[in-house]
Structure formats: structure tokens, C-alpha cells
S.K.: 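Structure incoming, see below.
Atom set for the values below is all heavy atoms of this structure, side chains included, hydrogens, waters and symmetry mates excluded. By convention in this document, chain letters (A, B, ...) are assigned in the order of the sequence lines, proteins followed by strands, and residues within each chain are numbered from 1.
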2 protein chains.
Amino acid sequence: MPSRINREARKAELAEAAWRVILRSGVSAVSVRTVADEAGLAVGSLRHVFPTRTELLVFSAELMMERANERIRNLPQQGSAEEYVLAVVKNLVPFTEQTRAEMDVNIALVAEATAVPELKALRDSAHEQIAVACIRLAAMLREEHSETPSEDAIRHGRRLHALADGLALHLMHRAESEDLERAVELLREEIRSIAAGRA
Amino acid sequence: MPSRINREARKAELAEAAWRVILRSGVSAVSVRTVADEAGLAVGSLRHVFPTRTELLVFSAELMMERANERIRNLPQQGSAEEYVLAVVKNLVPFTEQTRAEMDVNIALVAEATAVPELKALRDSAHEQIAVACIRLAAMLREEHSETPSEDAIRHGRRLHALADGLALHLMHRAESEDLERAVELLREEIRSIAAGRA
DNA sequence: CCCAAATTAGCACGGTTGTGCTAGTTTGAT
DNA sequence: ATCAAACTAGCACAACCGTGCTAATTTGGG
């Protein structure tokens, strides 16, 4: 039984084509036909892998989150805690062309969740993941070594998360180099202030 | 020359129908037909007022921003500066069913901006308006009376803005009463800390 | 070599879309 | 009463959509 193509690679290829379509024309332009075209494949081939538009969208969202997750997990842990936390948070905010595109696609998929309910669970779990990650980072800055973060770490983690998300939104509007610098400075301050309050 | 209908009222009526469609089925479900249907009008009537789908979407977005603007402008200025600022910021975050729906529609329209470029200018100007408002609020807390806000007020205004936007996003995911309390407490703290640093 | 499975290709259906367009219907000022 | 403007209603077109379905083509294990 032949398996000429690598199914996972093919799925990724199609998801990336879907991202490009979203970036160029918005999520409403995502259809089995436009994406197949963008990927240079026949509609039949796409539908052999993603029988419905919904499955295509869901996988596109999953892969995006997975990629971001992996990128952050692969961050070198060397340096001070403050440096590491800043490096992580920088990956949650559109500082590069890469993360900026990611954010753009994310907004589109979140908005589409009203029309495609299957996306809701995904967006919620992604948000939750980031939330607990931020709390873990806050606990790290506080030099807590307990398994469960303190109430204080939770509060600061949530705040850091809100600040990062807010800045992310702002940078989608204007992202001149001075805006980027201001944003990173704000994050640095926040991180410093969390670390400064450690017990 | 008869003017049987109040044109502005009709436009508002249709925009509200569009909001309902967005909330129920997402922005991709907004079409001249679905919205006319939702408003209980014939397609021809809608198109007499909004010849194209784009014009309908743009006006729907404009009216939403205008309404929010007016709601905030009508806030009583009595009480301490801190109370007033909190009241204003509370209107930027989905604390009520009203503002929650507003936020939902807003996200949809922002996402649609990729497909309908006419929406981009709108979203940018709305964002800018809120940005300067936040800076003005920060200056108020600092008891600055100069026309142009200090560098300090700008910094704190931006921070307040980012925090509010981030919290707004979070409350779209989970908004139990405890989440609301936590969010308002965070804002209160931020406002207090801005006021505490005044010259 | 050969066959069955994997893959590609594409037709067809009913439905929806935006928009150009025309034709009625109402209405208030004259 | 009349007439032009404002409004309502709806047809028609070409383009798109998702998806069920069949048929051709490729391919590797036997």
C-alpha cells in the first residue's frame, strides 16, 4: 500500500497556504478552492487530506499554536531569570515579521470562531496555556520553588499576560522602531517590578 | 420631495441588524440579504440606503464607535479623579453585556479589515482616539494642567491603555464574577499607582 | 508483473453572494 | 390634482461556495 506523500508534511503545506490566503485576503477568502490554488494543488487533493473547510481551518490554527509553542520551548534558558522571561514574552508580542503574521492569522481565526464553533475550544485552550505560562514565569521571577504558584505569582502573572496582550494589539496598529522600543521597555519594567517584589 | 423615513434612523436600524447577525453567525454571514432579512426589510430597501456591503459594514463600525464615544462622554464627572478614570476605563472593557457585545463586533470588524480595506482607517482612528484619551486621563491623575501632557503622562497613559486592552481580551474568554472583580481591582491598582506618582 | 490501495482530478448539485438594473408604489410640496 | 422625488420590491447575471461523488492515475508490496 503506497504512501507516496508524507501526510503530515502535506497538511502543514496546506495550512501554510491557508495562512498566506488569510494574510492576503482575510479569513473570509479561505475556501477549499482558494487554498488549493495557493498551494498549487487540485481541490481534490486538498479534500483528500481535509474533507471539509472546517477541518482545514482547525488544523491551520492548531499548527500555528504548535509552532509558536515549540519556538518558545526551544528558547535557551541561559542568562538571568529576567532575561529569560523577557525573551519568552517577546515571543507573545508581534516584534518580528514572523510573530506579526502569526498574530494577524490568530485574530482572523478568533473572529471566525463565531462562525466555526470548532475553533472556540482551540482559542480558549491557547489562551489558557499562555495564562498558566505567564503565572509560571512570575513565580520564577519571585524565585518560588513550590509546585503551586503563590497567590502573588498568580496576580502578577495575570497582569503580565494582560500587558503583553494589550501591547500585542497596539503593535498591530503601529510598529515603528520607536514603538517596539517603548513596548520592550514597558515589559522590562514590568518584569523588573515583579522580580523586585520577591519574598 | 417626500422623505417618508428618517434616513439616519433607518441606517442605525440596519447597522444594529448587522451587529446582531455578527453576534449570531460571525461577520462572514453578513450579506445584504441576511441583514435586510434580520431588519425585516427587503433587500432593495437596504440597498437604497447602503448600495454595497462595504458601505453597510463601514457604517456599522462607525456607529458602534460613535455610540461608545458618546456613552463615555456622558459619564458624570463628579467624584474624585480616580473614580472618574476608573469609570471611563470600565467602558473600554467588556464588563457589561452591552460592552461585551460591542467588543465582539469590534473584533469581527477588525478581522474583516483585511478583506475590506475601508475598515482599516476606522480601526486605526478608533485606536488612536482611545490612546490619546488614556494619556489625557493619566495627565488628569497626575494633576497636570498643561495643554500638552508630560512625557510621564504619555508613558503611563500608554501603559493604562495596554492593560485595559489586554484585560478586555481576557474577559472575552472568561468573565465569571470573580474574573470581573479581579480585573477591576487590577485597574484600580494601576490608576492608584499613576496618581501616587504625581509631581 | 499486477493488483489493491493511495492519490489526484474533476464533474455536478443546490445554494449563496454582490451588484446592476428596472419597475412599481408612496408621498408631500406645489 | 399632479408630478417629481423618495422609497420599496424584486429580477437577472455571473461568480463563488461546500460537498457528494465518480473516475483516472500513480505506486509500492507481493
Side-chain angles (χ1 to χ4, degrees), chain A residues 1-18 20-22 24-61 108-109 111-119, chain B residues 1-18 20-22 24-61 108-109 111-119:
Chain A
M1 324 69 166
S3 73
R4 278 224 311 76
I5 65 163
N6 180 335
R7 208 178 175 83
E8 284 313 305
R10 168 59 59 89
K11 284 170 92 172
E13 191 182 324
L14 286 164
E16 284 166 21
R20 287 196 298 274
V21 171
I22 291 177
R24 193 192 323 122
S25 323
V27 68
S28 62
V30 169
S31 73
V32 290
R33 291 188 236 268
T34 56
V35 173
D37 210 51
E38 172 73 31
L41 292 177
V43 176
S45 302
L46 181 150
R47 293 193 54 218
H48 184 64
V49 179
F50 296 121
T52 70
R53 178 187 120 108
T54 296
E55 292 176 66
L56 168 61
L57 281 176
V58 168
F59 183 83
S60 298
L109 291 170
E112 189 73 0
T114 307
V116 183
E118 287 90 338
L119 288 171
Chain B
M1 327 66 165
S3 75
R4 275 220 316 75
I5 64 163
N6 181 334
R7 206 178 175 84
E8 285 312 305
R10 168 60 58 89
K11 284 170 93 173
E13 191 183 324
L14 285 165
E16 285 167 20
R20 288 195 298 274
V21 171
I22 291 177
R24 193 194 320 124
S25 322
V27 68
S28 62
V30 170
S31 75
V32 290
R33 293 190 236 270
T34 57
V35 173
D37 211 50
E38 172 74 30
L41 292 177
V43 177
S45 302
L46 181 149
R47 294 193 54 218
H48 184 64
V49 179
F50 296 121
T52 69
R53 178 186 122 107
T54 296
E55 291 175 67
L56 168 60
L57 281 176
V58 167
F59 183 83
S60 299
L109 290 170
E112 190 74 0
T114 307
V116 182
E118 287 89 338
L119 288 171

S.K.: Measure the spacing between OG of Ser60(A) and CD1 of Ile22(A) and express it to the nearest 0.5 Å.
M.R.: 6.5 Å
S.K.: Please give, in whole Å, the distance from dT7(C) P to Leu41(A) CG?
M.R.: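 Result: 13 Å.
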S.K.: Heavy atoms only, 4.0 Å cut-off, all strands: where does Ser28(A) land among base, sugar-phosphate and nothing?
M.R.: nothing
S.K.: Does Ala42(A) or Arg53(B) map to a spot on DNA chain C nearer the 5' end, using the closest nucleotide for each?
M.R.: Ala42(A)
S.K.: Under 4.0 Å, counting only non-hydrogen atoms across every strand here, what does Val49(B) touch: a base, just sugar-phosphate, or nothing?
M.R.: nothing
S.K.: Looking only at the side chain of Ser45(A) (C-beta and beyond, no hydrogens), which of the listed nucleotides dA9(C), dT8(D), dT19(D) gets closest?
M.R.: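 For Ser45(A), the side-chain atoms sit closest to dA9(C).
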S.K.: Hey, could you give me the CD/CG distance between Glu55(B) and Leu14(B), rounded to the nearest 0.5 Å?
M.R.: 12.5 Å
S.K.: Look at the side chain of Arg47(A) and the backbone N and O of Val32(A), then say whether any donor-acceptor pair between them is shorter than 3.5 Å.
M.R.: no
S.K.: With a 4.0 Å cut-off on heavy atoms, is Thr54(A) in touch with a base, just the backbone sugar-phosphate, or nothing at all?
M.R.: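 Nothing, no heavy atom under 4.0 Å.
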S.K.: Once you round it to whole Å, what is the distance between C1' of dC7(D) and CG of Leu14(B)?
M.R.: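 The answer, rounded to whole Å, is 13 Å.
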S.K.: Nearest whole angstrom, please: distance from the P of dG18(D) to the CD of Glu118(A).
M.R.: 14 Å
S.K.: Given atom CZ of Phe50(B) and atom P of dT17(C), what is their separation to the nearest angstrom?
M.R.: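 So the CZ-P distance, Phe50(B) to dT17(C), works out to 18 Å.
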S.K.: What pairs meet the side chain to side chain donor-acceptor pair (under 3.5 Å) rule with one or both residues in residues 29-43 of chain A, with sequence neighbours excluded?
M.R.: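 The answer is Arg20(A)-Glu38(A), Arg24(A)-Glu38(A), Ser31(A)-Thr34(A).
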S.K.: At less than 4.0 Å, is any side-chain N or O atom of Arg33(A) found next to OP1 or OP2 of dG18(D)? Yes or no.
M.R.: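 No, Arg33(A) has no side-chain N/O under 4.0 Å of OP1/OP2 on dG18(D).
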S.K.: Quick check for you: among dT17(C), dT8(D), dT8(C), whose closest atom lies nearest to any side-chain atom of Arg10(B)?
M.R.: dT8(D)
S.K.: Passes salt bridge (Lys or Arg N to Asp or Glu O under 4.0 Å), Lys11(B) versus Glu16(B)? Steps please.
M.R.: CA-CA 9 Å; Lys11(B) 284 170 93 173; Glu16(B) 285 167 20; over 6 Å; no
S.K.: Let me know the distance between CG of Leu46(B) and P of dT19(C), rounded to the nearest Å.
M.R.: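 Computing the Leu46(B):CG to dT19(C):P distance gives 11 Å.
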S.K.: What is the distance, rounded to the nearest whole Å, between atom CG of Leu56(B) and atom C1' of dT17(C)?
M.R.: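 Going from CG in Leu56(B) over to C1' in dT17(C) covers 14 Å.
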S.K.: Name the closest nucleotide to the Val32(A) side chain, picking from dG18(D), dT17(C), dT7(C).
M.R.: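 Closest of the options to the side chain of Val32(A): dG18(D).
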S.K.: Give, for atom CD of Glu118(A) and atom CD of Glu112(A), the distance between the pair rounded to the nearest 0.5 Å.
M.R.: 11.0 Å
S.K.: Got a donor-acceptor contact below 3.5 angstrom from the Arg10(A) side chain to the Val49(A) backbone?
M.R.: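 Side chain of Arg10(A) to backbone of Val49(A), a donor-acceptor pair under 3.5 Å: no, none is there.
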S.K.: Are Leu41(A) and Leu46(A) packed together at the side-chain level, in the sense that at least one heavy-atom pair is separated by less than 4.5 angstrom?
M.R.: no
S.K.: At less than 4.0 Å, is any side-chain N or O atom of Ser31(A) found next to OP1 or OP2 of dC17(D)? Yes or no.
M.R.: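 Affirmative; the distance criterion is met.
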S.K.: Give the angle between the helix axes at the two ends of the helix from dC1(C)-dG30(D) to dT30(C)-dA1(D), taking five base pairs at each end and rounding to 10°.
M.R.: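 Both end axes considered, the difference amounts to 0°.
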S.K.: What is the distance, rounded to the nearest whole Å, between atom CG of Asp37(A) and atom C1' of dT8(C)?
M.R.: 16 Å
S.K.: Could you pick out which residue, Arg7(B) or Val43(B), lies toward the 5' side of DNA chain D when each is mapped onto its nearest nucleotide?
M.R.: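 Closer to the 5' end of DNA chain D: Arg7(B).
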S.K.: Spell out yes or no: do the side chain of Arg47(A) and the base of dG18(D) have one donor N/O and one acceptor N/O closer than 3.5 Å?
M.R.: no
S.K.: Roughly, in whole Å, what's the span from NE2 in His48(B) to P in dA5(D)?
M.R.: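 Spelled out: NE2 on His48(B) to P on dA5(D) is 13 Å.
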